[in-house]
J.: 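Sharing a structure, written as structure tokens. Questions coming.
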Amino acid sequence: MQYSEKVMDHFMNPRNVGEIEDASGVGTVGNAKCGDIMKVYLKIEDNIVKDAKFKTFGCGAAVATSSMATELIKGKTIQEALKITNKVVMEALDGLPPIKVHCSCLAEEALHAALWDYAQKNGIVIEGLEQPVNDIGEREDIPEEE
Ligand code: FES
């Protein structure tokens with residue numbers, strides 16, 4: 001299996017590991033099939049994601065994608081943050097092997113879950129954001145692990 005240099009870098013030196021104590025939104029998503037869990041913390045002020053941190057109990061690709069996803073979301077508006085799909089994260093990492101694509105979906109869902117939590121806490125509706133799943137296995141558009 002071939003991993004890009006960027007994947008290896010974000011796996012070996014993950015950015016934004018940790019938690020935000022007074023987070024505006026926290027999202028936890030798992031994948032029951034592999035048992036991996038990702039938790040994302042966002043600090044949001046004036047509609048901008050000021051800070052993002054994560055804790056991932058998971059495979060190397062899950063660590064690398066959560067590192068990249070939290071890097072990408074920092075400084076973005078909420079609407080821009082919604083455009084950070086698993087494909088965007090994978091492209092930023094110069095790709096992932098096909099059987100690891102679902103790991104990047106965990107990152108996308110964890111970001112969405114944290115945004116959802118923020119919206120719930122503040123009684124707002126984020127246009128285009130659907131209620132996230134707790135287990136990405138519930139999402140049918142995600143390729144099965146081989
Ligand atoms: Fe589970 Fe990668 S194998 S997220």
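Just so you know, ligand 1 is whichever comes first in the structure, and atom 1 is the first atom listed for that ligand.
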J.: Between Asp94 and Ser4, is there a side-chain donor-acceptor contact under 3.5 Å, judged purely by atom types and distance?
T.: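 There is no such pair (donor and acceptor under 3.5 Å, judged by atom type) between the side chains of Ser4 and Asp94.
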J.: Got a sec: is His102 within less than 2.8 Å of atom 1 (Fe) of ligand 1 via an N/O/S atom?
T.: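 Not a single backbone or side-chain N, O or S atom of His102 is under 2.8 Å from atom 1 (Fe) of ligand 1.
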J.: What atoms in ligand 1 come closer than 4.0 Å to a heavy atom of Lys100?
T.: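 Once the distances to Lys100 are compared, the set is 2 (Fe), 3 (S).
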J.: For ligand 1, which atoms, with element, lie under 4.0 Å from some heavy atom of Asp36?
T.: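 Going through ligand 1 atom by atom, the ones under 4.0 Å from Asp36 are 1 (Fe), 2 (Fe), 3 (S), 4 (S).
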J.: Does Asn134 have any side-chain hydrogen bond (donor to acceptor under 3.5 Å, both in side chains) partners at least two apart in sequence or in another chain, and if so, which?
T.: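 Not a single residue meets the side-chain hydrogen bond (donor to acceptor under 3.5 Å, both in side chains) criterion with Asn134.
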J.: What atoms in ligand 1 come closer than 4.0 Å to a heavy atom of Cys59?
T.: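 Near Cys59, meaning under 4.0 Å from one of its heavy atoms, ligand 1 has 2 (Fe), 3 (S), 4 (S).
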J.: Can you name the atoms of ligand 1, numbered from 1 with element, that are less than 4.0 Å from a heavy atom of Cys103?
T.: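 Matching atoms, with element in brackets: 2 (Fe), 3 (S), 4 (S).
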J.: Is Ala61 touching ligand 1 with its side chain, its backbone, both, or neither, if touching means heavy atoms under 4.0 Å apart?
T.: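 The answer is neither.
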J.: Could you list the residues that satisfy salt bridge (charged side-chain N to carboxylate O under 4.0 Å, His left out) with Lys76, not counting sequence neighbours?
T.: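 Testing Lys76 for salt bridge (charged side-chain N to carboxylate O under 4.0 Å, His left out), a comparison that skips the adjacent residues, returns none.
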J.: Measuring to atom 2 (Fe) of ligand 1, does Cys34 have an N/O/S atom at a distance below 2.8 Å?
T.: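 Checking Cys34: none of its N, O or S atoms is under 2.8 Å.
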J.: How close do Ala113 and Thr28 get, counting heavy atoms only, and between which atoms?
T.: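 That would be CB-N, 4.2 Å.
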J.: Is a side-chain N or O of Glu91 found less than 3.5 angstrom from the main chain of Val88, in a donor-acceptor match?
T.: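 Checked: no pair found.
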J.: If you count the atoms of ligand 1 from 1 in the order shown, which ones are under 4.0 Å from a heavy atom of Leu106?
T.: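 Listed by number with element: 4 (S).
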J.: Looking only at heavy atoms, which two atoms of Ile126 and Gln79 are closest? And how far apart?
T.: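 Distance-wise, the nearest heavy atoms are CG2-NE2, 4.0 Å.
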J.: Go through ligand 1 atom by atom and flag the ones less than 4.0 Å from a non-hydrogen atom of Ala62.
T.: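 Checking each atom against Ala62, I get 4 (S).
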J.: Measure across Thr65 and Val89 and return the closest heavy-atom pair with its distance rounded to 0.1 Å.
T.: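 Minimum heavy-atom contact is O-CG1, 3.7 Å.
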